[in-house]
Amino acid sequence: MGHYLEDLNEQQRIAVTHIDGPLMIIAGAGSGKTKVLTSRIAHLIASGIKPGQILALTFTTKAAKEMQGRIFKLLPPTVSPVGLFVGTFHSIFCRILKVEGHQLGYPQNFTIYDTDDSKQVIKYIIKELSLSDEEYNPKDLYSRISSLKNMFIQAHDYVKDKELTKIDELAKRPLFYKIYQYYTQYCFRNGALDFDDLLLKTYELFTKHPACRERYQKQFQYVLIDEYQDTNKIQYLITNLIASISRNICVVGDDAQSIYGFRGATIENILKFAKDYPETKIVKLEQNYRSTGHILQTANAVIANNQSKIDKKLWSNNELGDKIKIVQASNEYEEAKIIADKIQEQALRYHYGFNEFAILYRNNRLSRSLEDSLRHKNIPYKIYGGTSFYQRSEVKDFLAYIKFITNKNDVVSLLRIINYPTRGIGLTSINTIQAFAQDKQIPLYECLKMVKEIPDIKPSTAVTITNFINKIDELATIINEVNAYRFTIAVEETFGIAKSEINKIEKNKDATRYENMRELINSTQEFVELRSADDSNAVGITNYLEEVSLLTNEDNDNQPKPTVKLMTIHASKGLEFPVVFIVGVEEGLLPSHYQDSDLEEERRLFYVAITRSKQKLFLSFATSRRNYSGNAMPTLVSRFISEIPEEYLDKSMVGYASSGNYNAPNRVVNSPKFPKKYEPYPKKIETKHTPQLINTIPKSKPIADHIPSPNFTPSSPQLITEGQKIEHQKIGYGTVLKIENPRTQPIALINFEIGGEKRIMLQYAKIRIVQ
DNA sequence: GGTACAGGGGTTTTT
DNA sequence: CCCCTGTACC
């Protein structure tokens, strides 16, 4: 025991060994924050505190998992961390509400609505109130409701507050109060909680039921909160409530890295912590172990321009290292090309692996040109972000079945599946039944059960609906009898959801919907296997749902291939890379000119981006960039660059472009007279046949009259990899561009010489590897 | 009920 | 420019 104290610096050791009383750790970028947090938990346990008395809260599942893993490693094998509460705010409070929610009138099997579901609810309400969705825009309404909830202003409080209602009157939505009320009722009646409710209702539970609150106050003697600068008001309220008796609350954060103000995080929480707890011990972790001197000094110089901050200065024993390279390009394609060239050069000259590079941008749109240039140079890359697996519509379609069977009050899921796959229950019938339900004040599901008694419903439709409901009810009886995988299989066998997608593949040549559904089924199997390995009995579909509803990230990060990583600056927080490129460092982009974005937050964003880098940092900008309408517009270099002292900068690549080394692929593009867009880089064409020949053949027409070569013997699907030349028995020659879903049901994206790109399911196709 | 095309709108993102 | 939504039509 105690080995975890050995490689800590003085400040880190103070933080780790502090046991009782409030503690605030101001942890600069790269100062060993997670190490301190996990070591402190290990230390608490080693000091005799029971794991079950410790509550550690994070924002992301990723952070929670990492913490769990690291704590486990720190503990001696004789000590078990079982019972330790490490998780996201949402998952921990979800668990509490599963047990205690009945006191607020929620069923034990409540459904969790994600952002899409919530917006759907709002859409229904707008329709019901016959409002126009121009003035009452669902997206805006959702974010308004969400931010109110995050400030702990519920519908009944909102109505009473003149200042708040005035805001919405001025925003030309005087009926907002009604929407908020209806929304609250709708969710409640559906037995559903949205993401914000998981926090809000936990707080309400604790304020309304003192006995319940006291139990948790007693249980959680030690509360730890990661990324405290990102907490919003409701999170602040709950954690303070839980810790108000023990006063053993430890928060870790860095005000300089607060970049989520736009979604309700308030930097105030960290700034006023010491006022809330006058006896707070404050520890500042200022030694940076990550970056070289120039990078660190640059970061310090930039952040010094912010007014509101906690005083601290990062320092390091690391060498000064390279200066920060400023790259100027004339447009985004040139910028992308320079970066791709630099990556290649750095990789060759300094033996960096491709996984040691990251390209960061403010805005997802900027990834496009980078993607093109990397592909052009055959540099492997992966773009992080975008819609995650569980948000895909087909996955949600499938999950809606499971959600509805679990909770039959969930109208959102019901309406999603009632005619999917199409079974002849059209909009007219649905509207009639809904009107009936509304009129008679009977839950929609009950109406479906008595559909025969509803006037204006055709007998044949009634039969279809009854069949549907019977199948649902039948499945509901086995929910707790079988594991998640068996249950999912049963749902698929009953309704043929994924199966219904197979027919569409032929038509659309797009198997992704089917694929993702298969993947979902596989994931339930994985879930069961994983949990069984942990000796857990929680392998049912409700357990699976709970996990999946709160897990929106695809953390399939175990990439076999080293890749350059492309992501937004927001997504890069908490990560580090040897070589970092920050692109689009221009006015309007970084800092963003969007509406009322906060300049100091933009600067913190730039600060976060800089401090991701360990050894080399490139800041690039283009003097002209295309806007949404495709027109090249002149740009200005970001003011943030001028905040960096000249002596840290290497400007040898400024004006580099105009020296003629980097010609844009097409210079005519600036002219608006050429509406037809150029291809950034010509697509590679395999030249076995002459291009002319290809051009004479209509592209869309499927070519099935290829005569296989005399030595045609199909290769095993496992042997087919990216980049190979292959011969398809029916389609002909082509190059494998990509293998999708290599683990489950591999599909190859093949660029055929005749017929172009096609997706081929390898397990069925007869394909011979040519080379 | 599914497709095809017009029109609109378009930061950052976790749960 | 690109993607998503809604509507008109088959």
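Numbered from 1 within each chain, the chains take letters A, B, ... in sequence-line order. What you see below is based on every heavy atom in this structure, not just the backbone, and it leaves out hydrogens, waters and symmetry mates.
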Check ion pair A:Arg368-A:Glu371 (N to O, under 4.0 angstrom):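 Looking at A:Glu371 together with A:Arg368, the answer is no, because their closest N to O distance does not fall below 4.0 Å.
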
Salt bridge present between A:Arg362 and A:Glu602 (N-O < 4.0 angstrom):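 A:Glu602 and A:Arg362: salt-bridged.
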
Return the value, rounded to whole Å, for the distance between atom [atom1] of [X] and atom [atom2] of [N].
X	N	atom1	atom2	value
A:Asp194	B:dT14	CG	C1'	13 Å
A:Phe195	B:dT14	CZ	C1'	8 Å
A:Leu605	B:dT13	CG	C1'	12 Å
A:Leu57	B:dT15	CG	P	14 Å
A:Glu587	B:dT11	CD	C1'	16 Å
A:Ile112	B:dT14	CD1	P	17 Å
A:Ile418	B:dG1	CD1	P	12 Å
A:Lys119	C:dT5	NZ	C1'	13 Å

Touch class at under 4.0 angstrom, heavy-atom based, for A:Gln235 against every strand present: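 Counting heavy atoms under 4.0 Å across all strands, no contact is made by A:Gln235.
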
Touch class at under 4.0 angstrom, heavy-atom based, for A:Tyr260 against every strand present: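 Sugar-phosphate, no base atom in range.
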
side-chain N/O [X] vs [N] OP1/OP2, d < 4.0 Å:
X	N	value
A:Ser91	B:dT15	no
A:Thr568	B:dT13	yes
A:Asn419	B:dG1	yes
A:Asn364	B:dT12	yes

Among the candidates [options], find the nucleotide nearest to the side-chain atoms of [X].
X	options	value
A:Arg368	B:dT11, B:dT13, C:dC3	C:dC3
A:Phe262	C:dC3, B:dT15, B:dT12	B:dT12
A:Arg362	B:dT13, B:dT15, B:dT11	B:dT11
A:Arg263	B:dT15, B:dG1, B:dT14	B:dT14

Any side-chain heavy-atom pair of A:Gln108 and A:Lys98 under 4.5 Å: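 Counting from C-beta outward, A:Gln108 and A:Lys98 do come under 4.5 Å.
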
Salt bridge (charged side-chain N to carboxylate O under 4.0 Å, His left out) contacts in which one or both residues fall within residues 251-261 of chain A, not counting sequence neighbours: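 Applying salt bridge (charged side-chain N to carboxylate O under 4.0 Å, His left out) to every pair that reaches into residues 251-261 of chain A, excluding sequence neighbours, yields A:Asp254-A:Lys312, A:Asp255-A:Lys312.
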
C:dC4 to B:dT13 separation - P atoms, rounded to the nearest Å: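 Between the two P atoms, the distance is 16 Å.
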
Backbone of A:Tyr136 reached by a side-chain donor or acceptor of A:Arg173 within 3.5 Å: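 Here the side-chain-to-backbone pair does not exist.
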
Any N/O donor-acceptor pair, A:Thr61 side-chain to B:dT15 base, under 3.5 Å: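 Not at all, since no donor on one side and acceptor on the other fall under 3.5 Å apart.
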
Closest-nucleotide 5' rank along DNA chain B - winner of A:Ile425 and A:Ala571: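 Per heavy-atom nearest nucleotide, the more 5' residue is A:Ile425.
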
Near-parallel close stack of A:Tyr628 and B:dG9 base (under 5.5 Å, under 30°):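 No, the aromatic ring of A:Tyr628 does not stack with the base.
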
Salt bridge (charged side-chain N to carboxylate O under 4.0 Å, His left out) partners of A:Lys33, counting only residues at least two apart: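 Checked A:Lys33 against salt bridge (charged side-chain N to carboxylate O under 4.0 Å, His left out); matches are A:Asp226, A:Glu227.
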
